[in-house]
Asker: 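Once you've had a glance at the structure underneath, I'll fire off some questions.
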Amino acid sequence: MRNARFIPVLLLRDDSLVKTRQFDHARYIGDAINAVSIFSEKMVDELVLLDIDATKQGRPPAVDLVRDIASEAFVPLCYGGGVRTIEQFEALLKAGVEKVAVNSAFASTPELITEAARRYGSQSVVVSMDVGHDGAAYAVKTHSGRKTVGRDPVAWARQAEAAGAGEIMLQSIDRDGMENGYDLELIEAVAKAVEVPVVAAGGARNVSDLQAAVRHGAAAAAAGSMFVFFGRLRGVLINTPDPEELRQAMATPPVPESASV
């Protein structure tokens, strides 16, 4: 048996939070600082904050804003979005985040991961993988899903691990915001290919989905919609599952069968 983490993922646009569906159709959720404060009070295991426009707009991370948000986070915080240089990496760590996630820059500058791991330890370095489909095949994409890297997810994950990443965040573009469950085949294939923890994201609707991701190899189950929407009409409400139900779901063995991508 093992205890896995559950992680709310918050998407930052300017100084507000939004929630997307398949990396599009962003819906306003609320104030980022307030949401982080509420999640901290609820004692979630960790938080992920992703600036979804930084790379698309070619701008660096908003370090001052991240510092303000981090001041309200009393749980570990991972930030991603627009990180291209080791100086930005260091500035974010000094601003109060525990981990920095790199996505698009890993495709163009893989040595950034190696240097960051050397300086700050691999536990601070996350490679975020956005995976969609090109036809029937999986493909790793960057720039918020707009560019295809041209590598399969397993190969990309292995390269990230070899470069020095201490964790891989695996996001399904097709499942993002759809609340139809994780891509379990993808999770299992990537988790079996690497030794570092894999954080699964994209598609969770309920605790059973979180449990399924863990059973298929994820070290952590990340989600957005199930933590910010409530009820049939999807009203905006910061919420977390019942602690005891979640504890039982997150202590579960992996399934034995294998998967391929």
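In this text, all values refer to a predicted model and were calculated from it rather than measured experimentally. Residue numbers run from 1 in the order of the sequence given.
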Asker: Examine Ile33 and Leu50 and state if one hydrophobic cluster contains both, with Ile, Leu, Val, Met, Phe, Trp and Tyr joined whenever side-chain heavy atoms are less than 4.5 Å apart.
Answerer: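 No, because Ile33 and Leu50 fall into different hydrophobic clusters, even though each may have its own neighbours under 4.5 Å.
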Asker: Please report the shortest heavy-atom distance between Val36 and Leu47, naming the atom on each side.
Answerer: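 Where Val36 meets Leu47 most closely, the heavy atoms are CG1-CD1, 3.9 Å.
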Asker: Tell me whether the count of non-hydrogen atoms from other residues, nucleotides or ligands lying under 6.0 Å of NZ in Lys56 goes above 12.
Answerer: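 Atom NZ in Lys56 is packed in, count exceeds 12.
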Asker: So which atom in Pro197 and which in Arg5 form the shortest heavy-atom distance, rounded to 0.1 Å?
Answerer: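 Heavy-atom minimum between the residues: CB-NH2, 4.1 Å.
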Asker: Nearest 0.5 Å please: distance from the OG atom of Ser144 over to the CG atom of Leu11.
Answerer: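 Here the interatomic distance stands at 9.5 Å.
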Asker: Any idea which heavy atoms bring Gly145 and Ile173 closest together, and the distance?
Answerer: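 Answer, listing the atom of Gly145 first, then Ile173: CA-CD1, 3.9 Å.
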Asker: Hey, does the side chain of Ser172 reach the backbone of Tyr182 with a donor-acceptor pair shorter than 3.5 angstrom?
Answerer: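 No.
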Asker: How far does NZ of Lys42 sit from CD1 of Ile238, to the nearest 0.5 angstrom?
Answerer: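 Those atoms lie 9.0 Å apart.
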Asker: For Asn103 versus Asp130, what's the shortest heavy-atom pair and its separation?
Answerer: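 The answer is ND2-OD2, 2.9 Å.
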Asker: For Arg21 and Met178, run side-chain contact (heavy atoms from CB on, under 4.5 Å): C-alpha distance rounded to whole Å, both residues' side-chain angles, the deciding distance at 0.1 Å, then the answer.
Answerer: CA-CA 6 Å; Arg21 298 185 71 185; Met178 303 305 290; 3.5 Å; yes
Asker: Just so I know, are the side chains of Val126 and Ile168 near enough to count as touching, which here means a heavy-atom distance under 4.5 Å?
Answerer: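 Result no, sub-4.5 Å side-chain heavy-atom pair not found.
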Asker: If you measure from the Lys or Arg side-chain nitrogens to the Asp or Glu carboxylate oxygens, is any gap between Glu161 and Arg158 under 4.0 Å?
Answerer: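 The answer is no: the pair does not qualify as a salt bridge.
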Asker: Heavy-atom distance under 4.5 Å between the side chains of Gln22 and Arg175, does that happen here?
Answerer: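 No, too far: nothing below the 4.5 Å cut-off.
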Asker: If hydrophobic clusters are built from ILVMFWY residues whose side chains come within less than 4.5 Å, do Leu12 and Val97 share one?
Answerer: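 As far as the 4.5 Å side-chain criterion goes, Val97 and Leu12 are connected within one cluster.
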Asker: Does some side-chain heavy atom of Tyr120 sit less than 4.5 Å from a side-chain heavy atom of Val100?
Answerer: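 No, every pair of side-chain atoms sits at 4.5 Å or beyond.
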Asker: Please assess Ile86 against Arg119 for the test side-chain contact (heavy atoms from CB on, under 4.5 Å), listing each intermediate value before the final yes or no.
Answerer: CA-CA 9 Å; Ile86 198 69; Arg119 290 195 188 192; 3.9 Å; yes
Asker: Would you mind reporting whether Leu92 and Val66 have side-chain heavy atoms less than 4.5 Å apart?
Answerer: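 Yes, close enough: below the 4.5 Å cut-off.
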Asker: So do Phe229 and Ile29 actually touch side chain to side chain, heavy atoms under 4.5 Å?
Answerer: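 SC-SC contact between Ile29 and Phe229 confirmed.
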Asker: If Ile, Leu, Val, Met, Phe, Trp and Tyr residues are connected whenever their side-chain heavy atoms lie under 4.5 Å apart, and connections chain through other members, are Ile38 and Val9 in the same group?
Answerer: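 They do not share one cluster, since no chain of ILVMFWY contacts under 4.5 Å joins Ile38 to Val9.
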Asker: Check Asp53 with Arg13, please: is the shortest side-chain N to carboxylate O separation under 4.0 Å?
Answerer: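 Salt bridge flag = yes for Asp53 with Arg13.
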Asker: Treating Gln88 as the side-chain partner and Arg84 as the backbone partner, does any N or O pair qualify as donor plus acceptor under 3.5 Å?
Answerer: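 Looks like yes, one N/O pair under 3.5 Å.
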Asker: Nearest 0.5 angstrom please: Asp183 CG to Ile187 CD1, how far?
Answerer: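 Separation between the atoms: 6.5 Å.
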Asker: Does a side chain donor of either Thr148 or Asp134 reach within less than 3.5 Å of an acceptor in the other side chain?
Answerer: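 Yes.
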Asker: Side-chain donor-acceptor contacts of residues 104-114 below 3.5 Å, not counting sequence neighbours, with atom names and distances?
Answerer:
| residue | atom | partner | partner atom | Å |
| --- | --- | --- | --- | --- |
| Ser104 | OG | His143 | N | 2.9 |
| Ser108 | OG | Ala105 | O | 3.3 |
| Thr114 | OG1 | Ala163 | O | 2.7 |

Asker: So, Glu179 and Lys19, do they make that salt bridge, N to O below 4.0 Å?
Answerer: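 No.
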Asker: Looking at Arg205, I'd like to know if its CZ atom is crowded, meaning that more than 12 non-hydrogen atoms belonging to other residues, nucleotides or ligands lie closer than 6.0 Å.
Answerer: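 It does not: Arg205 CZ has 12 such atoms or fewer within range.
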Asker: Is a side-chain donor or acceptor of Asp14 paired with a backbone partner of Ser16 at a separation under 3.5 angstrom?
Answerer: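 No, Asp14 side chain to Ser16 backbone: no donor-acceptor pair under 3.5 Å.
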Asker: Taking atom CG of Leu77 and atom CD1 of Ile7, what is their separation to the nearest 0.5 Å?
Answerer: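 One gets 11.0 Å once the value is rounded to the nearest 0.5 Å.
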Asker: Within the distance-only criterion (no hydrogens, no angle test), does the side chain of Ser37 pair as donor or acceptor with the backbone N or O of Ala73 below 3.5 angstrom?
Answerer: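 Here the side-chain-to-backbone pair does not exist.
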Asker: Determine whether the side chains of Asp176 and Thr20 contain a donor N or O and an acceptor N or O closer than 3.5 Å.
Answerer: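 Looking only at side-chain atoms, Thr20 and Asp176 do form a donor-acceptor pair, the distance falling under 3.5 Å.
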Asker: If we only count heavy atoms from C-beta on, is the Glu167 to Val125 side-chain gap below 4.5 Å?
Answerer: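 Not in contact.
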Asker: Is it true that atom CD of Gln57 has more than 12 heavy atoms of other residues, nucleotides or ligands lying nearer than 6.0 Å?
Answerer: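 Above 12, so yes.
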Asker: Give a yes-or-no answer on whether the side chains of Gln159 and Arg151 include a donor-acceptor pair shorter than 3.5 Å.
Answerer: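 The criterion, which ignores hydrogens and geometry beyond distance, is satisfied for Arg151 and Gln159.
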Asker: Does Lys99 offer a backbone N or O that forms a donor-acceptor pair with the side chain of Ser124 under 3.5 Å?
Answerer: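 Checked: no pair found.
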Asker: Looking at Ala101 and Val83, what are the two nearest heavy atoms and their distance?
Answerer: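 What the structure gives for the nearest pair is O-CG2, 4.2 Å.
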Asker: Does Ile52 share a hydrophobic cluster with Leu49, counting links as ILVMFWY side-chain heavy atoms below 4.5 Å and allowing steps through other members?
Answerer: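 Result: no, two separate clusters.
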Asker: Would the distance check show the side chain of Gln171 and the main-chain N or O of Met129 forming a donor-acceptor pair, the cut-off being under 3.5 Å?
Answerer: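 It does not hold such a pair.
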Asker: Taking Val236 as the starting point, is it possible to reach Val44 by hopping between hydrophobic residues whose side chains are less than 4.5 Å apart?
Answerer: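 Val44 clusters together with Val236.
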Asker: Using 0.5 Å steps for rounding, measure from the OG1 atom of Thr85 to the CD atom of Glu115.
Answerer: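 The distance works out to 11.5 Å.
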Asker: Under the side-chain contact (heavy atoms from CB on, under 4.5 Å) rule, what do Phe39 and Val75 come out as? Steps first, then yes or no, please.
Answerer: CA-CA 9 Å; Phe39 277 122; Val75 297; over 6 Å; no
Asker: Within the structure provided, determine whether Val214 and Leu210 are in side-chain contact (heavy-atom separation under 4.5 Å).
Answerer: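 No, too far: nothing below the 4.5 Å cut-off.
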Asker: Going from SG on Cys78 to CD on Glu98, what distance comes out if it is rounded to the nearest 0.5 angstrom?
Answerer: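 Here the rounded value is 9.5 Å.
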Asker: What closest approach, in Å, do Pro153 and Val190 show between heavy atoms, and which atom pair accounts for it?
Answerer: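 Looking at all heavy atoms of both residues, the shortest contact is CB-CG2, 4.0 Å.
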Asker: Check whether any side-chain heavy atom of Leu186 sits under 4.5 Å from a side-chain heavy atom of Tyr138, and report yes or no.
Answerer: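 The answer is yes, as the side chains (C-beta and beyond) meet within the 4.5 Å cut-off.
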